[in-house]
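Just below is one structure, and these are the notes that go with it.
Since this is a predicted model, take the numbers as computed values, not measurements.
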Amino acid sequence: MKFSRFYRSAAIASVAALALAACSSDDSADENAGGDSGEQASAEVSGTLIGGGASSQEAAMTAWTAGVTEVHPDLTVQYDPVGSGSGREGFIAGQYTFAGSDSAMDAEEQEQACGSGNAFHVPSYISPVAVAFNLEGVDTLNMNPDTIAKVFAGEITSWDDAEIAEQNEGVELPATDITVVHRSDDSGTTENFTDYLNGAASDVWTWEAADAWPEELTGESAQQTSGVVSLTTDTDGAITYADASQIGGLSTVAVGVGEDYVEYSAEAAASAVETAEEDPESEGARILDRSTEEEGVYPIVMISYHIFCDTYDNEEMVNQVKAFGNYVISEDGQTAAEESAGNAPISETIRSEATERIDAITVAG
């Protein structure tokens, strides 16, 4: 990816009036910059920016689309939570100016996107994926990776199964059938969850990580995060996987990591991301260690990205993308999302790398 840099030079005026005017101009520019947003003060940002993709980002996106207007009042951001796969498809087709995705673009998608330019990923939203269930009288359960994999693969079919009981001494487990609920649409959440199952319990879960749930596995299905959460909530004995910010009143599984069981939390999810390496095949994306045994790390974590092009057709689009992209990764933007969705803020290292990429976006040609 080729980067461009724009530098402004300023002459020191010898006339006091010019110096005073320059100071006044600088003060105005500082106010327009919105402080922590990272947007260039000189850019006029207006119009409507349209994106679509991961439904897991919906709660955070509500905060971001509202917050960016406080920095750039003439900018409107519309986001369609159609799911990661559909979001990437719409981005490639030009329906969306940016995509939200819980998984990185593959090589074929990157080849098709952005015309003569290049696509890149900005980690914008870090969240645990909860293993959530509906079982009357049971608030939480311990399960190691193999047990979770066996449940979702249909090898364990009753809640009072001996393997579950052994990890939950003193918990009264009913002889209720387990109903697995999975996403019916192509989903980055599904890819992250199946990546965990394959990485942490490969002897049981023999399927590769994928956006689509394995066709040969039985179970109930629903579209988008809200759909699987709603179906699980309405079904006694159901279990699903979903962005932790949207599971409502469902009970959750504490996941086996080494000798311990770790409840999901923003802090435990952030710990997993801190050790993740950058993906050499997808600029800006990260590779997570799903089989970690590090204390306090929650391994079923999702890094949800905003995917941009490094060039756009005109300056208006460039300014819109820069304004929104920089607001999302700013401290203000990450705080707004954390308060709304409970996700883990990105690190300073990720913010610095993302800012460099966003600031390098330019007009095609």
Side-chain angles (χ1 to χ4, degrees), residues 1-11 25 28-29 32-34 37-53 61 64-65 68-69 71-80 82 84-101 104-124 278-285 305-330 333 350-365:
M1 178 174 167
K2 298 180 180 179
F3 293 97
S4 300
R5 295 288 185 268
F6 297 92
Y7 296 94
R8 293 180 298 176
S9 61
S25 176
S28 177
N32 291 336
S37 71
E39 174 60 23
Q40 294 180 349
S42 60
E44 293 182 6
V45 185
S46 62
T48 301
L49 175 65
I50 299 176
M61 191 62 70
W64 288 329
T65 55
V68 74
T69 61
V71 183
H72 303 285
D74 295 327
L75 175 64
T76 299
V77 180
Q78 297 177 355
Y79 183 79
D80 192 4
V82 293
S84 295
S86 295
R88 295 195 304 274
E89 290 174 3
F91 176 67
I92 291 170
Q95 178 184 357
Y96 302 130
T97 306
F98 74 95
S101 179
M105 278 187 157
D106 60 29
E108 183 178 355
E109 289 174 322
Q110 292 180 73
E111 182 68 25
Q112 296 172 351
C114 298
S116 59
N118 301 291
F120 66 90
H121 303 76
V122 171
S124 302
E278 184 164 346
D279 187 342
E281 298 181 357
S282 300
E283 184 176 352
Y305 302 98
H306 287 165
I307 305 175
F308 302 112
C309 295
D310 64 352
T311 62
Y312 286 93
D313 290 342
N314 55 65
E315 188 174 1
E316 181 182 45
M317 295 175 70
V318 169
N319 290 339
Q320 290 172 350
V321 170
K322 284 185 176 183
F324 180 66
N326 274 317
Y327 172 75
V328 166
I329 62 173
S330 71
I350 292 177
R351 177 179 290 113
S352 177
E353 293 173 355
T355 299
E356 182 177 4
R357 291 186 171 107
I358 292 170
D359 286 347
I361 298 172
T362 188
V363 178

Check against side-chain contact (heavy atoms from CB on, under 4.5 Å), Gln320 and Tyr312: CA-CA 10 Å; Gln320 290 172 350; Tyr312 286 93; over 6 Å; no
After noting the C-alpha distance and the side-chain angles of Val321 and Leu49, does the key distance pass the side-chain contact (heavy atoms from CB on, under 4.5 Å) rule? CA-CA 7 Å; Val321 170; Leu49 175 65; 4.0 Å; yes
Is there a side-chain contact (heavy atoms from CB on, under 4.5 Å) between Cys114 and Phe308 once you walk through the steps? CA-CA 8 Å; Cys114 298; Phe308 302 112; over 6 Å; no
Can you check side-chain contact (heavy atoms from CB on, under 4.5 Å) on Ile50 and Asp80, steps first, answer last? CA-CA 8 Å; Ile50 299 176; Asp80 192 4; over 6 Å; no
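For the residue pair Ala104 and Ala285, the shortest heavy atom distance occurs at CB-CB, 3.7 Å. Across Thr311 and Gly117, no two heavy atoms sit closer than the pair OG1-CA, 3.8 Å. Shown here for Val68 and Ala323, the closest heavy-atom pair between the two residues is CG2-O, 4.2 Å. Across Gly87 and Val82, no two heavy atoms sit closer than the pair N-CG2, 3.8 Å. Across all their heavy atoms, Tyr79 and Gly100 have their closest contact at OH-CA, 3.7 Å. Ser124 approaches Val328 most closely through the heavy-atom pair CB-CG1, 3.8 Å.
Residues Asn326 and Asp359 meet the side-chain proximity criterion, which asks for heavy atoms closer than 4.5 Å.
In this structure Glu89 satisfies the salt bridge (charged side-chain N to carboxylate O under 4.0 Å, His left out) test with no other residue, sequence neighbours excluded. Residues that satisfy the ring-ring contact (aromatic ring centres under 6.0 Å, His included) test with His306, not counting sequence neighbours, are Trp64, Phe98, Phe324.
For Glu109 (side chain) and Asp106 (main-chain N/O), a donor-acceptor pair under 3.5 Å exists by modelled atom type. Checking side-chain atoms of Asp310 against main-chain N and O of Asn118 turns up a donor-acceptor pair under 3.5 Å. A donor-acceptor pair is defined here as one N or O able to donate and one able to accept, closer than 3.5 Å; no such pair exists between the side chain of His121 and the backbone of Ile307.
Atom OG1 of Thr355 and atom CD1 of Ile329 lie 3.5 Å apart (nearest 0.5 Å). Annotation: the span from Ser46 atom OG to His72 atom NE2 amounts to 11.0 Å, rounded to 0.5 Å. In this structure, CE in Met105 is found 13.5 Å from CG in Asp279, a value given to the nearest 0.5 Å. Rounded to the nearest 0.5 angstrom, Lys322 NZ and Glu315 CD are separated by 8.5 Å. If you take OH on Tyr96 and OG on Ser86, they are separated by 7.5 Å, rounding to the nearest 0.5 Å. Here Thr48 contributes atom OG1 and Leu75 contributes atom CG; the two are 7.5 Å apart, rounded to the nearest 0.5 Å.
For the residue pair Gln110 and Ser282, a side-chain donor N or O sits within less than 3.5 Å of a side-chain acceptor on the partner.
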